[in-house]
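See below for the structure under consideration.
By convention in this document, chain letters (A, B, ...) are assigned in the order of the sequence lines, proteins followed by strands, and residues within each chain are numbered from 1. Source: prediction; values computed, not measured.
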Number of protein chains: 2
Amino acid sequence: MQRLTVQRQAILDLINASNRHWDADEVARALVDAGAPIGIATVYRGLAALESFGLIDSIQLADKKRYERADKAHHDHMICTNCGHIEEFSHDTIETLQQAAAAKKGFKLTGHQLVMFGFCKKCTQGLDA
Amino acid sequence: MQRLTVQRQAILDLINASNRHWDADEVARALVDAGAPIGIATVYRGLAALESFGLIDSIQLADKKRYERADKAHHDHMICTNCGHIEEFSHDTIETLQQAAAAKKGFKLTGHQLVMFGFCKKCTQGLDA
DNA sequence: GTCGTAATGATAACCATTATCACTATCATG
DNA sequence: CATGATAGTGATAATGGTTATCATTACGAC
Ligand SMILES: [Mn+2]
Ligand SMILES: [Mn+2]
Ligand SMILES: [Zn+2]
Ligand SMILES: [Zn+2]
C-alpha cells in the first residue's frame, strides 16, 4: 500500500469508529450511506491493504471474513449461533498453552484463531423463559 | 438421514480408512478412482448427512470444509502454511479454560474450533537449511 | 406389485471473493 | 506546467466452493 487514499481512509475511519466486526458488503453500504460511495472491489482491496499494514484486524468465519479495529489487544471470539452476537475474550494462559502445544509438535507458530460457538447471555435467557 | 446408501457407505468407509482431512472434491475423486463413481452433489449431501449423525467430523477452514473420522477423541489442529500439513493436538487444560472463559461471559458453549497456523517441523528444518 | 418418499446426479444458481481492464489520481522530474 | 510512470479505482467478468432444482432411481412398508 503506497497510498492511503480517501477511500482507504474512509474504510479505516469507519472501522476505527466502532467495535463492530464488519464484512466487505457492510463497509460498502455504510460508506454509501455516509455519502462516500465506493466500489465493492475497492472495499475488498482496501481491507486487504489495510490489514497487511496492521491497521485493521480480521477474523475468517465460515462464510465470510470480518474486519475490526487493530488498536485492541489480541483477543479471540465467541459467536452466538442464535443471534450472531460476537463476544470478545482473551485468556493469557490459553495463549501460553497454545505455544506449549505447538512446541511439543515441533511447530513454529505464526498465528492462531480460536472461535467458540454457543448461546450468548441474552439468548440463553430467552431460551429459558 | 434415513438411509445409509451405498454411496454414503462408500464415503464413510473411505474416510474411516484413513487419517486424512478430506474435502468434497478429494472424496469424489477417490471414489471415482476406486471404481465407485459418485456425483459431486451426492458427496456434499452425503458428507453433511454423515456429519449430522456424528459419523464423521469436520473442520471449517478458510476456503473449504474438510472431513475426517469421528472415532478419534476431540482434538484441534495446527496447519502448516507452507506445505499444508495438518497436525492434530489436544490439550485438556485449554479445553477447561475455554469453558471457564465462556462461563465468565455468560456464554453457553456448544462447540469451538481452535486452529493454529505456522510451519511444521519438516518445513522449519527446510527453512533453516 | 404399488405407493410414498429418500436419495441420486446432472446442472443451474448462489455468493463471497478475486481478476481484468480501461480510466483516474498522485507524485516525481525536466 | 507538461509529461510520464504507476498506484488505485470501479464496473464487471470470472472463479470456486457450496447449495438448490428437478427429473429419475432406489428402498421400504403395506
Ligand atoms: Mn474482535
Ligand atoms: Mn483432525
Ligand atoms: Zn445471542
Ligand atoms: Zn509444512
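In terms of phosphate contacts, R8(B) brings a side-chain nitrogen or oxygen within less than 4.0 Å of OP1 or OP2 of dT8(C). Residue T5(B) places at least one side-chain N or O closer than 4.0 Å to OP1 or OP2 of dT8(C). The phosphate of dT19(D) has neither OP1 nor OP2 within less than 4.0 Å of any side-chain N or O from Y44(B).
Of the candidate nucleotides dG10(D), dT18(C), dA6(C), dA6(C) has the atom lying nearest to any side-chain atom of R3(B). Candidate nucleotides dT9(D), dA16(C), dG9(C) were compared by shortest atom distance to the side chain of T42(B), and dG9(C) ranks first. When the nucleotides dT9(D), dT21(D), dA7(C) are ranked by their closest atom to the side chain of R45(B), dT21(D) comes out on top.
The 5' end of DNA chain D is approached more closely, in terms of each residue's nearest nucleotide, by D63(B) than by the other of D63(B) and A41(B). Residue order along DNA chain C, read from the 5' end via each residue's closest nucleotide, puts Q7(B) first among Q7(B) and K65(A).
The CD atom of Q2(B) sits 11 Å away from the C1' atom of dC27(D) (whole-angstrom rounding). For L61(B) and dT18(D), the CG to C1' distance is 15 Å, given to the nearest whole Å. Across the protein-nucleic acid pair, D25(A) atom CG and dT17(C) atom C1' stand 12 Å apart, rounded to whole Å. Computed from coordinates, the L4(A) CG to dT26(C) C1' distance equals 13 Å when rounded to whole Å. Taking atom CZ of R29(A) as the reference point, atom P of dA16(C) lies 10 Å away to the nearest angstrom. Counting to the nearest Å, the C1' atom of dA7(D) and the CG atom of L50(A) are 15 Å from each other. Computed from coordinates, the M1(A) CE to dT26(C) P distance equals 16 Å when rounded to whole Å. The distance between atom CG of L31(A) and atom P of dT9(D), rounded to the nearest whole Å, is 12 Å.
Side chains of I38(B) and I11(B) form a contact here, defined as non-hydrogen atoms less than 4.5 Å apart. The side-chain heavy atoms of R8(A) and V6(A), taken from C-beta on, include no pair separated by under 4.5 Å.
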Apply side-chain contact (heavy atoms from CB on, under 4.5 Å) to Q98(B) and L114(A), showing your working. CA-CA 10 Å; Q98(B) 282 177 29; L114(A) 170 56; 3.7 Å; yes

Could you please spell out the steps behind the side chain to side chain donor-acceptor pair (under 3.5 Å) verdict for H77(A) and Q113(A)? CA-CA 9 Å; H77(A) 301 88; Q113(A) 186 173 282; over 6 Å; no

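At a cut-off of 3.5 Å, with distance as the only test, no side-chain donor of E26(B) or H21(B) sits close to an acceptor on the other residue.
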